[in-house]
Structures are given as structure tokens and as C-alpha cells.
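We count residues from 1, following the sequence as given. Just so it is clear, the structure is predicted and the values come from calculations on it, not from any experiment.
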Amino acid sequence: MKAKVHITLKNGVLDPQGAAIESALDHMGFAGVNARVGKLIELDLKETNEAKARAAIEQMCEKLLANTVIEKYHVELSA
């Protein structure tokens with residue numbers, strides 16, 4: 001089973017990378033763009049049960065992949 005874990009900053013958390021991208025885009029003539037920077041982690045799992053895979057990934061996120069104090073995550077699973 002393949003998984004994509006999207007990790008982004010929670011609303012209200014300062015995002016200096018996003019602000020830098022917004023500024024650069026503005027200077028390039030792309031005004032009015034809001035940017036938030038996150039990360040995408042792709043995982044290949046041997047688990048075939050979707051519920052078990054999701055539970056394992058959530059544990060991975062809580063323990064290692066995401067800083068849940070300032071970040072939120074979303075998991076997409078596919079066969």
C-alpha cells in the first residue's frame with residue numbers, strides 16, 4: 001500500500017518560507033498570491049489492510065514525521 005502524508009503548518013503559525021515565496025512571486029509580477037509551505041512524504045507499506053495502515057501512519061506522524069504542536073497532517077492511501 002502506498003501513502004502520501006501531507007504536512008503543513010497549522011493556521012496562525014508563522015511561515016517564513018511561505019512569506020519569502022509570496023514576496024518573490026510579487027516581485028516577479030504575480031501579485032495577490034498566498035503561499036504556505038509544507039512537506040510531502042511518500043511511504044510504501046507492506047500492510048494491505050487500509051485501517052491498519054492508516055493507524056500505523058498516524059502513529060508515525062505523531063511520533064516522528066510531524067511536529068503536531070505546530071503542524072497538521074493529512075494521509076492519502078492507495079493500493
Side-chain angles (χ1 to χ4, degrees):
M1 183 164 289
K2 296 186 181 295
K4 291 183 179 179
V5 182
H6 302 266
I7 300 172
T8 56
L9 292 170
K10 290 181 177 177
N11 292 336
V13 175
L14 185 63
D15 182 3
Q17 286 182 302
I21 290 170
E22 286 177 12
S23 178
L25 289 173
D26 186 57
H27 285 94
M28 295 171 66
F30 299 103
V33 177
N34 293 320
R36 297 285 286 175
V37 174
K39 56 188 167 188
L40 169 66
I41 300 171
E42 295 181 339
L43 302 169
D44 284 322
L45 302 144
K46 291 183 180 177
E47 181 62 57
T48 57
N49 180 290
E50 184 174 333
K52 288 181 181 178
R54 185 173 298 280
I57 293 167
E58 288 177 359
Q59 286 183 349
M60 292 176 204
C61 289
E62 297 290 329
K63 292 181 178 180
L64 177 69
L65 301 178
N67 178 350
T68 57
V69 174
I70 62 170
E71 296 174 323
K72 58 186 176 182
Y73 60 87
H74 170 72
V75 177
E76 290 179 29
L77 293 173
S78 61

Using the side-chain contact (heavy atoms from CB on, under 4.5 Å) rule, take E47 and K52 through it: C-alpha gap first, then chi angles, then the decisive distance, then the call. CA-CA 7 Å; E47 181 62 57; K52 288 181 181 178; 3.7 Å; yes

Going by side chain to side chain donor-acceptor pair (under 3.5 Å), name the residues that satisfy it together with E76, two or more places apart in sequence or in a different chain. H6

Output side-chain donor-acceptor pairs under 3.5 Å for residues 29-45, partner residues at least two apart or in another chain, one line each.
{"residue": "R36", "atom": "NH1", "partner": "V13", "partner atom": "O", "Å": "3.1"}
{"residue": "R36", "atom": "NH2", "partner": "K10", "partner atom": "O", "Å": "3.0"}
{"residue": "R36", "atom": "NH2", "partner": "V13", "partner atom": "O", "Å": "3.4"}
{"residue": "D44", "atom": "OD1", "partner": "K2", "partner atom": "NZ", "Å": "2.9"}

Can you tell if the side chain of K72 reaches within under 4.5 Å of the side chain of N11, non-hydrogen atoms only? yes

Using residues 54-69 as the side-chain source, report each donor-acceptor pair under 3.5 Å to any protein atom, sequence neighbours left out, with the distance given to one decimal.
{"residue": "R54", "atom": "NH1", "partner": "V75", "partner atom": "O", "Å": "3.4"}
{"residue": "E62", "atom": "OE2", "partner": "Y73", "partner atom": "OH", "Å": "2.7"}
{"residue": "N67", "atom": "OD1", "partner": "V69", "partner atom": "N", "Å": "3.2"}

Taking all non-hydrogen atoms of both residues into account, name the closest pair between N49 and M1 and its distance. C-CE, 4.4 Å

Check for me, please, whether I21 and I7 land in the same ILVMFWY cluster - side-chain distances under 4.5 Å, paths through other members count. no

